[in-house]
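Step one of this worksheet: look at the structure below.
Sequence lines set the chain letters: A, B, ... in the order given, protein chains first and strands last, and positions in each chain run from 1.
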There are 2 protein chains.
Amino acid sequence: MRVSAKADYAVRATIELAASDAAGPVPAESLAQAQQIPHRFLEAILRDLRREGIVASRRGAGGGYVLARPAREVTVADIVRAVDGPLVFVRDERPSDLDYEGAASALLDVWVALRVNVRAVLEDVTVADLARGTVPDAVQELTDAEGAWRNP
Amino acid sequence: MRVSAKADYAVRATIELAASDAAGPVPAESLAQAQQIPHRFLEAILRDLRREGIVASRRGAGGGYVLARPAREVTVADIVRAVDGPLVFVRDERPSDLDYEGAASALLDVWVALRVNVRAVLEDVTVADLARGTVPDAVQELTDAEGAWRNP
DNA sequence: AATGTACCCTATCGTTTTAGTAGGGAATAG
DNA sequence: CTATTCCCTACTAAAACGATAGGGTACATT
């Protein structure tokens with residue numbers, strides 16, 4: 001259950017975009033420096049985000065990237081899906097495409113429930129929240145839970 | 001956010017073990033056939049489970065594997081951790097080891113909340129539940145939610 | 001003691017994914 | 001016309017993934 005560097009970078013760059021107070025587009029290079037992301041790698045990521053309609057770009061001098069929709073309408077889930085595909089998959093299949101035999105049949109419910117709970121977090125948090133430095137109350141409550149920050 | 005084949009196989013084999021009505025140990029070969037898992041690969045997985053104290057083994061004729069603790073004390077999270085390490089990690093680090101700068105600082109809360117919600121499912125379901133063909137009520141409620149089985 | 005069963009350990013292997021890098025082309029502002 | 005900035009394709013090194021192979025070790029039965 002790993003979150004890839006690509007997904008992490010993509011979210012950070014998008015937050016940076018949303019938080020930017022520049023009137024016009026922000027160049028990839030600025031985003032890269034602000035978030036310590038390799039510049040060329042970030043450009044590849046931004047291209048994915050553009051294909052998915054999350055950012056828009058403008059070329060040439062004074063060009064760069066802007067959000068393609070209001071920050072409050074872009075969720076972390078949207079970004080992760082844009083760069084990494086489905087949020088949760090088991091052996092390269094979506095949970096609901098799986099098919100278990102014999103004693104393991106109830107396992108399907110576990111993976112589906114897992115996906116529900118993953119969505120509950122990632123689809124609830126928007127880039128507007130993060131740019132403001134907050135998360136929705138429901139998510140905040142999760143991080144306040146006993147042991148949330150404990151490691152193993 | 002992928003669940004590896006290894007983790008999936010490990011859980012299925014453990015369920016099969018718990019559901020087995022054999023008095024003694026069950027050979028890896030039987031588990032492999034029951035769940036359609038490549039035999040040699042499964043042996044490697046069972047070795048991981050043994051190292052983590054989830055199963056115990058006996059060699060020789062009449063040998064095989066048994067659960068090392070009662071099925072109700074083995075969670076899916078235990079099994080996934082035994083074969084794949086930490087449940088959730090971001091760029092090879094545990095969420096609570098991350099450190100974000102600037103505008104992205106609230107992102108840390110997102111990954112921590114994600115982990116809380118992943119744990120809520122995987123630490124709640126035991127092998128005893130699954131062998132019986134059920135999941136705990138709290139997990140069942142998640143799978144009953146609107147859209148839980150819908151794909152994208 | 002011999003035999004067959006079954007786990008145990010190390011190594012290897014082909015493919016895919018991950019995390020980047022490189023080169024050069026195309027648009028745009030000034 | 002020139003500097004800037006995005007755009008597209010290709011490439012690569014290293015790791016992870018999903019296994020497989022060979023040979024060793026323990027145990028029960030005969």
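Evaluation of the side chain to side chain donor-acceptor pair (under 3.5 Å) rule for Gln33(B) yields Glu29(B) as partners, not counting sequence neighbours. Every residue meeting the side chain to side chain donor-acceptor pair (under 3.5 Å) condition with Arg81(A), not counting sequence neighbours, appears here in chain and number order: Glu123(A). For Ser4(A), the side chain to side chain contact (heavy atoms under 4.5 Å, CB included) test picks out Lys6(A), Ala7(A), Asp84(A), with sequence neighbours left out. Under the side chain to side chain contact (heavy atoms under 4.5 Å, CB included) criterion, Thr134(A) pairs with Asp129(A), Arg132(A), not counting sequence neighbours.
Applying the side-chain hydrogen bond (donor to acceptor under 3.5 Å, both in side chains) test to every pair with at least one member in residues 59-70 of chain A, sequence neighbours left out, gives these pairs: Arg69(A)-Asp78(A). Residue pairs that meet the side-chain hydrogen bond (donor to acceptor under 3.5 Å, both in side chains) test with at least one member in residues 13-23 of chain A, sequence neighbours left out, are Glu16(A)-Gln35(A). Among residue pairs with one or both ends in residues 13-42 of chain B, those qualifying as ring-ring contact (aromatic ring centres under 6.0 Å, His included) are Tyr9(B)-Phe41(B); sequence neighbours excluded.
For the segment residues 2-22 of chain A, the set of residues with a heavy atom within less than 4.0 Å of an atom of DNA chain C comprises Arg2(A), Ser4(A), Ala5(A), Lys6(A), Tyr9(A), in numerical order. Residues from residues 41-50 of chain B with heavy atoms under 4.0 angstrom of DNA chain C, sorted by number: Glu43(B), Arg47(B), Arg50(B).
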For residues 107-114 of chain A, which side-chain N or O atoms pair as donor and acceptor with protein atoms under 3.5 Å away, sequence neighbours left out?
| residue | atom | partner | partner atom | Å |
| --- | --- | --- | --- | --- |
| Trp111(A) | NE1 | Tyr100(A) | OH | 2.9 |
| Trp111(A) | NE1 | Asp8(B) | OD1 | 3.4 |

Side chains of residues 141-149 of chain A: which donor-acceptor pairs under 3.5 Å do they make with residues two or more places apart or in other chains?
| residue | atom | partner | partner atom | Å |
| --- | --- | --- | --- | --- |
| Thr143(A) | OG1 | Gln140(A) | O | 2.8 |
| Thr143(A) | OG1 | Gln140(A) | NE2 | 3.1 |
| Trp149(A) | NE1 | Thr143(A) | O | 2.9 |

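The CD atom of Gln35(B) sits 17 Å away from the P atom of dG18(D) (whole-angstrom rounding). Taking atom CG of residue Asp92(B) and atom C1' of nucleotide dT17(C), one finds them 13 Å apart after rounding to whole Å. Between Gln36(B) atom CD and dG18(D) atom P the separation is 17 Å, expressed in whole Å. Between His39(A) atom NE2 and dT5(D) atom P the separation is 9 Å, expressed in whole Å. Here dC17(D) presents its P atom at 21 Å from CZ of Arg40(B), a figure rounded to the nearest Å.
Look at Ser57(B) and you'll find a side-chain N or O under 4.0 angstrom from OP1 or OP2 of dC8(C).
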Are any protein N/O atoms closer than 3.5 Å to N/O atoms in nucleotides 27-30 of chain C? If there are, list each pair with its distance.
| residue | atom | partner | partner atom | Å |
| --- | --- | --- | --- | --- |
| dA27(C) | O4' | Arg59(A) | NE | 3.3 |
| dA27(C) | O4' | Arg59(A) | NH2 | 3.4 |
| dT28(C) | O2 | Ala61(A) | N | 3.4 |
| dA29(C) | O4' | Ala61(A) | O | 3.4 |

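Separation of atoms OG (Ser57(A)) and CG (Leu49(A)) is listed at 11.0 Å; rounding is to 0.5 Å.
No salt bridge links Arg119(A) with Asp124(A); every basic N to acidic carboxylate O contact stays at or beyond 4.0 Å.
DNA chain C is contacted by both Pro27(B) and Arg91(B); Pro27(B) maps to the nucleotide lying nearer its 5′ end (nearest heavy atom per residue).
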